[in-house]
Amino acid sequence: MRGLLSAFIALTLAAPAAPRTAMGGVWLFPRSAEFPGLRMLRLSRDAGGWRGSVTTDWYGDVPMRALAVTGGTAHFLIDNGNPRLPPRPWTATIDGTRLRVTGDIWERHVESALRRGTATDATRLAFPRAPLPAPVTLAADGLAPTPPMGWSSWNRFAAAIDDATVRAIADHLVSSGLRDAGYRYVNIDDGWQGTRSADGAIRANARFPNMPALAAYVHTRGLKLGLYSSPGPKTCAGFTGSYGHVEQDARTFAAWGVDYLKYDLCSGEGIFRTAAEVRLAYQQMGQALRATGRPIVYSLCQYGRDRVGTWGSGVGGHLWRTTGDIADNYAAMAAIGFDKDGDAATAGPGGWNDPDMLEIGNGGMSEDEYRTHMTLWAMLAAPLMLGNDVRTMSPATIALLESRGVIAIDQDPLGRQARRIRKDGDAEIWARPLADGSVALALFNRGTTARDIGFTLQDAGLARIARLVDVWAGVPDSPTRRTWEIPGHGAMLLRLTRAP
Ligand code: GLA
């Protein structure tokens, strides 16, 4: 018996490490011409079975659909957020210690640009465990009493961003009047990071030769500087993340004069396996930022999972993404704004649902569609982060971004996010109570042809309307008017004043 047992133990010890869910993990793709735009693939297995996602430049982070894993091969569908373009089948296969992936991408979500890619050289992220803090709930710190407003580099520049461009953007935020309209944060998203020094301190890459000088430049223009990092070892675009250096990075950011941090889960997903661990990873940076003593707005980006609105404030967050990445087309924008805009009940002064940055001015939508985008974000009390090149804006884009009446609704101090109060086919009515007792009402036409949309006093929750303002036109209309013709994909925004 004893002989049998020791033989069994010897066998067990000698056996090669089990092919432990061999496909599971976070797989990073080096940038290559083999499959441009492919960044990362994640696969994990829990009691509910396998799940995974693929991150690309074109689609952001997209969940795998119809995922089937057999042996060393995973088959799944990748959806692109555009109903005109069907999901495409992908395959991932273990090839020794590497992962080979084949799939199709609709580049830029454009029908004519279907590209088939194969990447053979993904490597698995493997890192030692760094400790997480004990759970605490941080008290509100008074930052972000209204949704943060500013500009972010990602939607327009992706990782191709540099010091000179950021300075020029800051200059144009001032000269265009956007700063004075409220857009204060100049946020450098992914792509600024270089390597760590011998003592572990994060350094910017060669495109950002002097981050403190850049912060000073931005500050002297009455603006604030934002940066981006990840709780994982790599950011979504493959740059250095804060894993294992959380407190050190927070101190570095504060010393540089940073006023805003977007913290994007990315490769952290392969390390923090449960919702509780992800929360602690976010809490760790929240505490680290607080410990610096510098007021730093903290933007959580874990794509709206695990009811983030219920814990985002408690980890020190001032805004939290409610969704995967936006794209510059109506279908993607509408899918987020109408349906992935977060739990209204969890948002308010100090902590906001973030349906992602604006695409207005990037060219992929019509003017009516961009007006809908801005109207929706204002109704949702969403952070307004410009995602365009403000150095080259058309007058129409400026008009959409600078409308004082629309911004006033977004920034209303009551901070109550709108709710959909009626949906009738393609017609939707959303309402938002405002601090002065008036009501913002938005009429949306999600169809492609113009139609009349009307509201009732009941919709508005008012017994009588004293004053009715067409917010985009900036002029009062008759307080008894109830119906407007709304163009396809268009919106009407009204501000209704209660009769005394
Ligand atoms: C993720 C985020 C985006 C952007 C990119 C940068 O996809 O959701 O908003 O920050 O990473 O790589």
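Just so it is clear, the structure is predicted and the values come from calculations on it, not from any experiment. In each ligand, atom 1 is the first atom listed, and ligand 1 is the first ligand listed.
- Inclusion of Asp356 in the set of residues having an N or O under 3.5 Å from an N or O of ligand 1 is not warranted.
- Between Asp79 and Arg88 there is no salt bridge, since no side-chain N of the basic residue sits under 4.0 Å from a carboxylate O of the acidic one.
- A salt bridge links Arg290 with Asp141; the closest basic N to acidic carboxylate O contact falls under 4.0 Å.
- Aromatic ring orientation, Trp377 versus His373: perpendicular (interplanar angle above 60°, classes split at 30° and 60°).
- Annotation for ligand 1: atoms under 4.0 Å from non-hydrogen atoms of Met357 are 9 (O).
- Counting only non-hydrogen atoms, the option in Asp264, Asp190, Val62 that gets closest to atom 2 (C) of ligand 1 is Asp264.
- Close approach of ligand 1 to Ala237 (heavy-atom distance below 4.0 Å) involves ligand atoms 12 (O).
- For ligand 1, the atoms closer than 4.0 angstrom to any heavy atom of Asp189 are 4 (C), 6 (C), 10 (O).
- Taking both residues in full, the closest heavy atoms of Val101 and Ala92 are given as CG2-CB, 4.0 Å, listed atom of the first, atom of the second, then distance.
- When each atom of ligand 1 is checked for a heavy atom of Cys301 under 4.0 Å away, the hits are 8 (O).
- The ligand atoms of ligand 1 that sit less than 4.0 angstrom from a heavy atom of Lys262 are 3 (C), 4 (C), 9 (O), 10 (O).
- When only interatomic distances are considered, the shortest N/O to N/O separation between Tyr303 and ligand 1 does not fall below 3.5 Å.
- Residue contacts with ligand 1: Thr235 is excluded, as none of its non-hydrogen atoms falls under 4.0 Å.
- A salt bridge links Arg371 with Glu367: at least one charged nitrogen is closer than 4.0 Å to a carboxylate oxygen.
- The shortest N or O to N or O distance between Arg321 and ligand 1 is below 3.5 Å.
- Contacts with ligand 1 closer than 4.0 Å are made by no heavy atom of Cys266, backbone or side chain.
- Both the sub-6.0 Å distance and the 45° axial angle are satisfied by Arg221 relative to the ring of Tyr217.
- Pairing each heavy atom of Val166 with each of Ile188, the nearest pair is CG2-CG1, 4.0 Å.
- For the pair Arg446 and Phe338, the cation sits on the ring face: its NZ or CZ lies under 6.0 Å from the ring centre, inside 45° of the axis.
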